[in-house]
Every structure is written in structure tokens, then in C-alpha cells.
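To start, the structure itself, in C-alpha cells.
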Amino acid sequence: MGERILVCVAWPYAKSVTHVGQIVGSILPGDIFARYQRMAGNEVLMVSGSDAHGTPITVEADAEGISPNEVVERYHAQILGVWERLGVTWDNYTVTTNPTHYREVQAFFTRLLERGYLFKETMTSPYCPTDDRFLQDRYILGTCPHCGFARARGDQCEQCGKLLDPDQLIDPYCRICLSKTSKIEFRATEHYFWDLTKVQAPLEEWAQAAMGHWRSHVVGVVQGWLKEGLRPRAFTRDIDWGVPVPVAGFENKRIYVWYDAVMGYLTATIEWAEQQGTPDVWRDWWVTTAENPQPSKTYYFIGKDNITFHAIIWPALLMGHGELVLPYDVPANEFMQMGGMKASASEGNVVWTPDALDRYGPDALRYYLAAIMPEQRDTNFSYEDLVRRNNDELVATFGNAAHRTLTFVQKHFGGQVPEAGALTVEDEALLATTRATFDAAGAAINAVHLRDGLSEAMALARAVNKYLDDQAPWKMIKTDRERAATSLYVVVQALGALRILLTPYIPHATQKLHTILGFSGSVDNCAWQYATVPSGQALPVPVPLFAKFDLPEVAAV
RNA sequence: GGGCCUAUAGCUCAACGGCAGAGCAGCCGGCUCAUAACUGGUUGGUUACAGGUUCGAAUCCUGUUGGGCCUACCA
């Protein structure tokens, strides 16, 4: 086995089914990367789960008259269904309500406490007497002192955009009960704070060394925060849904959902190890020693809204813990806009993943999202563009390269991979390109340049089509059967390579190609290297790899 | 308000101090194995705007304009 690669993927919030922005931002890049690393011979663990805690879920539960856990279980089940359909290869996709998570988050808390990173402080928080609960800033509404907007939130006014504190609002009221008669109170409450100032220096030192291969927009955020100087952050919340604080007197408080969610990468690994019946194996992935400071390379696949938490806060927590491996890379993606507009559920221009899957299936969606993945800057999603790329690139370029070859072999060579005669310069050239594509695409994916990896593979598909046109076996078959056989043999080798090269991106289609090239078993088990499709191998009657789609009638999104 | 990122062909995106490129769309040609699918050639850019540094700038610097993210209690 090669290296240990831990693929950590952002935790979807269990309050809705996923939208395509989450897929393109973190889930799909994580899956492409993990699939490649497995084929490249590395030991891979890919973990994530549904984020179950936080105020919005309790509000949703109250509104529906059900428990928070019922809300979570409903959406978690839906999300699992999406992974099944999309073909995401989790080693453990869990949910933050699992017992291992509670136990290990509390252990992490206790360790931070014992090591002196947490301190208690009394603060004043807004409180709704009607609901008998403390309110987070965004659950307080009132009139904006700057612009007079009547429904400004306690954290920010949506009209003028100014940042606010709840006590600045004029006539504040509770967003949950909407009661304007019972006044918001400000009550004293005690919380744990996490003293980030204690890790400022080591964090700077680590970041300096680690960020050499990071994306520039991630580096920018990290440098900005470090330059600004880290400050203590509240670590607990007045809420009854979340991981309990393991300290007497804190029974009505919970660990802030942000922290328990990010610790999920660790706890999901521990849970995975337990499920394997080898409960200590997680240590091989996470625990550093003097001899082995990097037990695994950890990659965090997230959207750009999450950079601070994964590139500053989580590494700082890991340092506070003291013996856990720090992130190797945080390849955050930018955002994918919808039809030129910022994606927003309230604006109604969010594309829900199940809808996209219903229309076009997993591989057209995976291919399109990989092709426009916002690795360096925001990109733009539209169904029209998805259909165009499906028809022009998957069907016409890649699918057709396979189909025209295999139907021809079926007709003229009895459904067996032809015998190769002497190879010409052109034959050798295509085979050389084929071999080189493994290196080029592999290097790109390993550097988390996933779009480049895809375009390398598609360039090979175009080279196959050009080679076929140049060699014209349909003419050659009439005059020189051996030459025709040889060129078809060469093309079959290139197709055999494409079934591997494209598996991280479009695994369902490449599994089909795997089968119609006469292989059994799963294409996932192929190694990332050139391997011959042997002459004489029996080829089943080929079926098209992809279907064409009609352009959507409504141009919207 | 502050910080960070970003603007390149009709469209989607590369190039990151050394001749501005690819795919698609458009135009002209070739092929007929293939889901009318393939392929060659070609048109198309004052690199948002204004300055500056440099032998040389899409690239580095300053400013302006537009977009995005973060801003410590959103998850």
C-alpha cells in the first residue's frame, strides 16, 4: 500500500436535501479524489456525515411539532439516498447524533479543558421569556438603527448590509414566536471560551510551512486572520440540542455546533474503526508521534464559505489537542452561480440534486459539475450548458469513440479484440499518448486540479477519434485486413485506458465500458496504470454509453 | 466599515513576468465505422477601466468600477 490519504468532506446540514452547489463544492471533488487515490494504490479513508445540531433544526422541529432528531433522521435518509444515486464512495458517512461522536467530542472538550485552552466567562445574551430560551442573534428581529428597515436581524441588516449587535435593534422581538408584547430580555449566562491566543504562534509557524501548495484564495484568508490576531471564541451555547457539555452546572448548555461538526472528521474515523472491529485503527490515521509526524495526508474538501473554520479554527483545535495530524491541504472551492445569479433558496434558483438526477442521471451531472468545478473562481451552472456538454462531449466525443469502434469490431471481427500486427509510427504514437495520459491526469488529480485531470482524459478521447479518421479501418478492411485489425487493437487499448482514466469522474459509464470491453467485476478495482486489453478477449454486443438529451424547454437555470 | 478573492473570444473556461490558448458556437473543406455521431482548416480578444514598474505585463504595483466570500453568535 502507498500513503494513507484521509479525504474529509464538508458536512451537509441535515435541514434540507443537498443542492448541486454542495455537490460541486465538496462532495464530488472529494469523491473524485478518493476514487483516484484508491486506484493509484493508496490507502484511502473518505469520511463525512450529516450535521445534526444547531438552532435552525430545533426551530424547524418546533414548527412541525416533532423532535429535532426526527427532522435530522428525515433529511439524513434523503441525503443518503442522494449519495447512493450519485455513486459517492464513502468509507463512513455518518450523522453527528451517533454515540461515538458524542463520546469523542466530549473527550476532546475535556482534553482541551485539562490542557488549559478553555476558560469560563459570564456574558449577557438575549432571551425570549415567551419561548423560555436564549436567542442567537439571527433569531432576533427589529428595526435597523442605520436604515430603518423593519425586519433587520440581530446580526446583520439585510437591507443595508450593516453588521449589528442585537442590543442595537430598535423594538427587538423574537423571530420564533414573533411576540411583540413580551420584550426580549438580556440575561447573564456563563460559557466556556476557547483561548485561541494560545495557539497563534504555533499556528503561524505551521501555516507558513503548510501553505506552499495551497490555493491562493485559501492562503489569503489564512494570512488575513493570522495578521488580524486570533481572539477567544465562545465554545458553548444556550441550547438544548447538541453535544452536552461534560461539566457540572452546564446541563442546559451544549457544545457549539460548529465545533462538534468539525470534530466529526475525527469521530467518523473512530466510528469507522469501531465498525471494522478494530477500534484502535483510527490512531494509524490521526495520531502523530515524534517518529511519524504525518500518519496520513488529510485533505479537506469544502466550499469557500468554510475556509476559516477548516484552515484556522480546526487546525487550532488539533493543536490544542496536541497529538493529532494537521491538515495537509484545504482545497476549498469557490461558488457555482445559477444562471448568472447567486444561488439562493429564497430566490428559488437552487438546483436540488435529486431533481438534477431525475432529469439527467448521475454521470451527466458528475461530468458537467467536474467540468465547471469552481477551483479558482466562481463558475456558472445552467441546465442548458449541462445538456450541451452531455451531447457534445460525453455522447459525441467519448461515447461515440467507444461505440463506433466496438460496433465495427463486432461486425468485422466476430466480437473479439483483434490481433495486432506490426505497429506503425501512428500506432505507437497513440499508445504513447495513452500511457502519458495516466501520468498527466494522475498528477493533476493528485494536485487537486480535478478539471485538468478530466480534460487530459477527454483529450485522449479526441485523439482516439482523430486516429480512427486517419486510419479509416472501414476502408482498410477492404484491402488490408491485418492493418485494420491492428488499428482497431490500438484503439481498444486506448478505450481500455479511458475506462480507467474517467472512472473517478463518471464511474457508472466506465463500469458499462468495462463490461462491454469484456471485463468482469468492478472497474473500481482497476489500478491507475496502462494495462492491455488482450487480443481475442470476447466482446459483448456494445450498448451506447450515454443518451442524448433534449435542450430544456425552459431556459431558466 | 475592514480583510481576502475575482473580471481574458459570442458562451464555458485556460495561460500567473517571455509569441494571448482550448472546448463549444460560426464559416469553409474531408470522411461515412458510429447515437447526423467524427475530423482538418478558419473567423473571432485594446485581457473591466485609468495610471505605474520592467528590455518585456493578462500576469507585478497603485487607484477606479462590477461580482463573490469572510468579518469571531449562520451552519
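Predicted, not measured: the structure shown is a model, and the values here were computed from it. In what follows, chains carry the letters A, B, and so on, assigned in the order in which the sequence lines appear, proteins first and then strands, with residues in each chain numbered from 1.
- Remark: P of B:rC11 and CG of A:Asn391 are 21 Å apart, rounded to the nearest angstrom.
- Close to B:rU35, at under 4.0 Å from its OP1 or OP2, lies a side-chain N or O of A:His403.
- Annotation: B:rG68 and B:rU35 have their P atoms spaced 46 Å apart (nearest Å).
- Contact check, A:Lys411 against B:rC33: no side-chain N or O comes under 4.0 Å of OP1 or OP2.
- Interface remark: the A:Thr397 side chain does not form any donor-acceptor pair with the B:rC38 base, using a distance-only criterion of under 3.5 Å.
- If you check B:rG1 for Watson-Crick or wobble pairing at under 3.5 angstrom, you find it paired to B:rU71.
- Across all strands, A:Trp225 comes closer than 4.0 Å to base atoms (heavy-atom distances).
- For B:rC11, neither phosphate oxygen OP1 nor OP2 lies less than 4.0 angstrom from any side-chain nitrogen or oxygen of A:Arg388.
- Base pairing of B:rA7 is made with B:rU65, judged by Watson-Crick or G-U wobble geometry with both donor-acceptor distances under 3.5 Å.
- Side-chain atoms of A:Asp469 come within donor-acceptor range of the base of B:rG30, with a qualifying N/O pair under 3.5 Å.
- When Watson-Crick and G-U wobble pairs are counted only if both distances are under 3.5 Å, B:rG44 pairs with no nucleotide at all.
- Rounded to whole Å, the P atom of B:rG41 lies 10 Å from the corresponding atom of B:rG23.
- Atom CG in A:Leu394 sits 4.5 Å away from atom CZ in A:Phe546 (nearest 0.5 Å).
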Dump the pairs, protein N or O against N or O of nucleotides 6-9 of chain B, anything under 3.5 Å, distances to one decimal.
| from | atom 1 | to | atom 2 | distance (Å) |
| --- | --- | --- | --- | --- |
| B:rA7 | OP1 | A:Arg377 | NH1 | 3.1 |
| B:rU8 | O4 | A:Arg377 | NH2 | 3.3 |

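- If you check B:rU35 for Watson-Crick or wobble pairing at under 3.5 angstrom, you find it has no partner at all.
- Relative orientation of the A:His412 and A:Phe408 rings is tilted, given thresholds of 30° and 60° on the angle between their planes.
- An aromatic stacking contact links A:Trp474 with the base of B:rC33, defined here by ring centres under 5.5 Å apart and ring planes under 30° from parallel.
- Closest to the A:Lys304 side chain, of the nucleotides B:rC33, B:rG68, B:rC13, is B:rG68.
- Atom CD of A:Gln223 and atom P of B:rC5 are 8 Å apart (whole Å).
- Comparing B:rA22 with B:rU42, their P atoms sit 10 Å apart, to the nearest whole Å.
- B:rC49 and B:rA58 are spaced 12 Å apart, taking the P atom of each and rounding to whole Å.
- For A:Phe309 and B:rC73, the CZ to P distance is 9 Å, given to the nearest whole Å.
- Of the listed nucleotides (B:rC70, B:rC38, B:rU71), B:rC38 has the atom at the smallest distance from the side chain of A:Arg404.
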